[in-house]
Each structure stands twice: as C-alpha cells, then as structure tokens.
Amino acid sequence: MDITKIRDDFPILEQEVYKRPLVYFDNAATTQKPRVVIDAISNAYCTINANVHRGVHHLSQLSTEGHEGGREKVRQFLNAKTIKEIIFTRGTTESINLVASSFGEAFLSAGDEVIVSEMEHHSNIVPWQLLESKKGIKLRVIPITEVGELDMNAFRNLITEKTKLISVAHVSNVLGTINPIEQIISIAHSNNIPVLVDGAQGAPHIKVDVQKLDVDFYVFSGHKIYAPTGVGVLYGKEEWLDKMPPYQGGGEMIGKVTFEKTTFNELPFKFEAGTPDYVGVIAMTEALNYVENLGIENIAVHETELLQYTTEKLKAIGGITIYGNSSCKSGVISFNVDGIHPYDIGMLLDKQGIAVRTGHLCAQPLMDRLGIPGVVRASFALYNTKDECDKFINALNRALDILKR
Ligand code: PMP
C-alpha cells in the first residue's frame with residue numbers, strides 16, 4: 001500500500017494541532033473519512049436527494065437505487081446469502097439493541113441465560129441487562145485469561161440447557177484480542193445455541209464471511225470503517241429474522257395498516273421503521289469499495305506492522321503495562337505507566353498533536369477485572385505510518401519527563 005498516496009485521500013490528516021502535524025491514533029473510536037466518502041454525501045444532497053421507497057418520481061428512484069445498491073454492497077462485503085439478511089441501523093449499538101429487544105421478545109423468558117464476556121463493550125452488556133430486568137433472564141460472563149484471551153474452558157462450562165444466546169466481540173476494543181469466533185460458533189451450534197458477534201472492531205480489519213462462519217448475527221458500525229456516522233449494519237440469518245417481531249413501528253416497516261390490524265413488511269424492511277439514512281448508506285458503499293480496493297488483508301498486514309513496531313518501542317520505555325498480550329491481536333494498544341494517571345498522558349500527548357483515547361473505553365467491567373480506572377489507547381488505521389508511531393513514542397517520552405519531574 002502506498003501510504004503517502006492514501007493519506008492524500010483523507011483531507012483531515014493534513015491538519016496541524018497545536019502547530020504540530022496531527023497524529024490520529026483514535027481509530028478504534030472512529031476512523032477518518034476519505035474524500036470519496038465525503039464527496040458521496042455532498043453529491044447525494046446536490047443531485048439525487050429524495051426520500052426512498054416512496055416516490056415514483058425520478059429523484060426518489062435514484063436515491064432508492066443508491067440505498068438498495070448499498071444493501072447489495074453490504075451483502076457482498078459480508079457474503080450474506082440474500083439482501084433480506086442485511087438490516088440498516090444507526091450502528092453497532094442499535095443493532096445489538098434490536099436483537100436484544102426482538103430476539104428477546106420472541107425467544108427469551110425468565111430463567112434463560114445469555115452468555116457475554118468480560119471484555120465486552122457496554123453496548124454488548126447493557127442491552128442484555130435491560131432484558132434481565134424486563135424478562136428475568138440472566139447474564140453469564142466468560143472470564144478472560146492473564147494475556148487477555150477468552151477462557152475457553154470456562155466458556156464451555158458456562159453452557160447449560162438454559163443458554164439461549166451467546167454474544168461476544170469479534171475483537172476487543174481495549175485488549176485488541178481477536179477472539180476465536182469460529183470455535184465459539186462451532187461449540188455454540190453443537191449445543192443448538194445461536195451466536196451474535198459484535199464486529200465493531202472486527203469488520204474494519206478482518207475479512208468476514210458470514211456464511212463460512214455460519215454466524216447467526218453479525219453487527220458493525222459504518223463510522224469505524226471509513227463511512228459516515230449514523231449508519232451501521234445488522235446481519236441476521238433469515239431464519240431468525242423471519243421469526244423475530246419488529247423492533248420499532250412506523251413507516252416503511254408495514255404491509256397494510258388499519259386501526260383494527262396491521263401487517264408487516266417483508267425482510268429486511270420489517271426492521272427499518274421510518275426514513276432510513278440513505279445518504280449514509282450511499283456514502284458507506286463508497287467506504288466499503290475503498291477498503292476492498294486496498295484489500296482488507298493488506299490493511300490488516302499494515303496495521304499489524306504498526307502494532308508490533310509500537311509495542312516494541314513502548315516496552316523499551318520501561319514502567320509500562322500493556323493490557324492485552326494475545327498473539328492474535330488487532331491494531332489496538334492499551335497501556336498505563338506506573339504511577340501516572342492515563343488522563344495526564346492523554347492531555348500531554350494532545351498538546352503535541354497526538355490524538356489517543358483515555359479512560360475506561362466503555363468497558364468498565366473489564367477495567368474492574370484489570371483493577372484499573374482506565375487506560376491510554378493508541379489504535380491504528382490504514383493511513384497511519386511508522387513515522388507517526390515514532391512521533392507518538394517521542395511525545396510520550398516527553399510527557400513522561402514532565403510528569404515524573
Ligand atoms: N462494540 C465495540 C467492540 C466497540 O468498540 C464499539 C465502539 N467503541 C461499540 C460496540 C459501539 O459502537 P457504536 O458506538 O458505533 O454503536
């Protein structure tokens with residue numbers, strides 16, 4: 001990959017922050033957008049904007065084509081069997097809430113159990129907890145090992161006849177661990193239990209083939225894969241989605257409405273009440289094309305190189321604890337420095353133009369497990385460079401000089 005050329009595609013990266021070139025290492029929170037994505041938004045509003053699925057007029061047909069073309073793009077991106085299995089949502093959080101609410105309504109009752117893991121983001125914990133209070137279900141939690149991997153023996157032991165769903169992250173947003181989802185799915189299916197995979201940190205870095213994985217639900221957010229905010233995906237097997245009730249009521253999701261009885265639209269529209277973010281979907285299509293043109297495997301190789309390079313340099317500093325030391329890791333490094341609060345480091349890095357994330361990273365139960373209030377996290381994307389890793393390490397050394405003085 002020609003990174004210099006790639007960086008030219010991302011206008012925001014040209015910026016200086018506090019008179020230093022911006023080093024953007026907060027990609028696990030959200031990625032920057034290439035010009036093709038930004039232009040797609042502007043072009044859609046300048047040329048084809050009209051509500052989708054409703055009008056016979058020319059513009060409405062064009063925007064419907066753009067929106068449904070986006071659905072076909074996502075189908076192909078995930079290798080889903082049919083576009084009926086691709087539901088557009090606002091993002092990972094809404095996708096998980098949709099499944100919790102709708103699958104919960106259809107298939108869960110008091111005493112049933114849902115298995116998550118200790119490394120989940122809050123958005124794969126709280127929706128299930130809401131069901132604990134609504135339906136009396138119980139959450140079971142897969143513990144992690146010292147290196148930050150799922151304890152697979154403990155996982156096997158958690159499965160009982162009460163287990164009705166397993167919901168785990170593809171990749172941890174804190175530890176970077178790439179979880180063995182193939183194995184989890186195979187164990188789950190041998191017990192007739194469906195699996196939801198939170199792909200927020202997976203889809204942007206790992207080629208996902210939902211048919212090969214045989215995963216029941218796979219969810220991700222557009223904004224973490226170079227697409228705009230406000231648009232995301234729920235992949236669900238047709239056999240599940242068919243049996244699940246609508247999540248929200250409104251326009252688009254209906255067949256026929258009378259005051260006596262309302263019928264629902266077919267898949268995928270049954271789950272898409274109201275005007276969808278069709279401009280977001282059109283722009284997400286460009287983002288997925290962009291990623292595919294570079295090759296997701298090439299992107300992963302590049303990010304892993306940055307991960308290894310930076311990890312070595314960090315370790316050389318001394319007094320640093322890195323959280324997540326799996327050999328199967330994506331481009332995320334969370335760490336702390338002995339005796340120093342992560343916020344202080346984040347602030348001093350910021351003053352040198354380096355954007356990192358600090359805090360609990362929406363994973364408070366994991367922070368409790370690790371016995372820490374928070375971390376500093378650097379996370380990489382396709383446009384980052386080794387030179388930026390050097391800048392980050394130099395800036396960190398400078399910050400530590402000041403903080404230890
Ligand atoms: N799951 C994981 C693993 C994440 O990293 C994130 C975002 N940090 C989410 C879920 C939630 O994604 P969103 O805020 O885009 O809905």
Side-chain angles (χ1 to χ4, degrees), residues 24-33 37 74 87-101 114 116-130 141-142 144 148-150 166-181 184 195-206 208 215 217-235 247 277 280-281 283-284 287-288 303 323-324 326 328-334 355-367 369 374-381:
Y24 187 78
F25 276 1
D26 194 15
N27 295 288
T30 198
T31 53
Q32 301 303 347
K33 319 303 171 199
V37 168
V74 173
I87 316 290
F88 288 123
T89 63
R90 284 194 302 120
T92 303
T93 303
E94 190 176 47
S95 297
I96 297 176
N97 275 279
L98 190 162
V99 176
S101 166
V114 171
V116 296
S117 88
E118 222 165 30
M119 66 169 82
E120 298 310 314
H121 188 277
H122 294 162
S123 60
N124 194 25
I125 299 173
V126 185
W128 308 112
Q129 285 179 327
L130 294 176
V141 185
I142 311 169
I144 58 165
E149 293 175 348
L150 295 178
I166 293 157
S167 190
V168 289
H170 194 172
V171 175
S172 161
N173 65 313
V174 178
L175 307 167
T177 313
I178 302 172
N179 287 322
I181 55 169
I184 291 170
V195 177
L196 183 154
V197 173
D198 169 357
Q201 305 292 345
H205 312 283
I206 300 166
V208 175
V215 66
F217 302 99
Y218 191 96
V219 302
F220 70 93
S221 299
H223 72 95
K224 292 184 199 282
I225 185 165
Y226 313 101
T229 51
V231 65
V233 171
L234 160 63
Y235 160 82
Y247 174 52
D277 183 2
V281 169
M284 181 159 68
L288 297 181
E303 291 167 346
Y323 304 98
S326 170
C328 199
K329 200 174 158 178
S330 176
V332 169
I333 311 178
S334 294
V356 293
R357 178 83 185 269
T358 53
H360 56 64
L361 313 188
C362 297
Q364 282 175 343
L366 177 57
M367 296 298 139
R369 157 70 177 79
V375 295
V376 182
R377 179 186 69 189
S379 52
F380 307 115

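Atoms within a ligand are numbered from 1 in the order they appear, just like the ligands themselves. Bear in mind that the values here come from a model prediction, so they are computed numbers and not experimental data. Any value given below was found using the heavy atoms of this structure, including those in side chains, with hydrogens, waters and symmetry copies removed.
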Q) Who pairs with D26 by salt bridge (charged side-chain N to carboxylate O under 4.0 Å, His left out), at least two apart in sequence or on another chain? A) R377
**Q.** Partner residues of E118 under the salt bridge (charged side-chain N to carboxylate O under 4.0 Å, His left out) criterion, sequence neighbours left out
**A.** R369
(Q) Filter on side-chain hydrogen bond (donor to acceptor under 3.5 Å, both in side chains), then keep only pairs touching residues 169-178, sequence neighbours left out; what's left? (A) H170-Y218
Q | Donor on one side chain, acceptor on other, N27 and S379, under 3.5 Å | A | no
Q) Can a donor-acceptor pair be found between the side chains of S330 and H205 at a distance below 3.5 Å? A) no
Q. Measuring from S101:OG to L130:CG, what's the distance to the nearest 0.5 Å?
A. 10.0 Å
One pair per line, please: each N/O atom of ligand 1 matched with every protein N/O atom under 3.5 Å away, atom names first, then the distance to 0.1 Å.
from: ligand 1; atom 1: 1 (N); to: D198; atom 2: OD1; distance (Å): 3.3
from: ligand 1; atom 1: 1 (N); to: D198; atom 2: OD2; distance (Å): 2.5
from: ligand 1; atom 1: 5 (O); to: Q201; atom 2: NE2; distance (Å): 2.6
from: ligand 1; atom 1: 8 (N); to: H121; atom 2: NE2; distance (Å): 3.3
from: ligand 1; atom 1: 8 (N); to: K224; atom 2: NZ; distance (Å): 2.8
from: ligand 1; atom 1: 15 (O); to: S221; atom 2: OG; distance (Å): 2.7
from: ligand 1; atom 1: 15 (O); to: H223; atom 2: NE2; distance (Å): 2.7
from: ligand 1; atom 1: 16 (O); to: T93; atom 2: N; distance (Å): 2.9
from: ligand 1; atom 1: 16 (O); to: T93; atom 2: OG1; distance (Å): 2.5

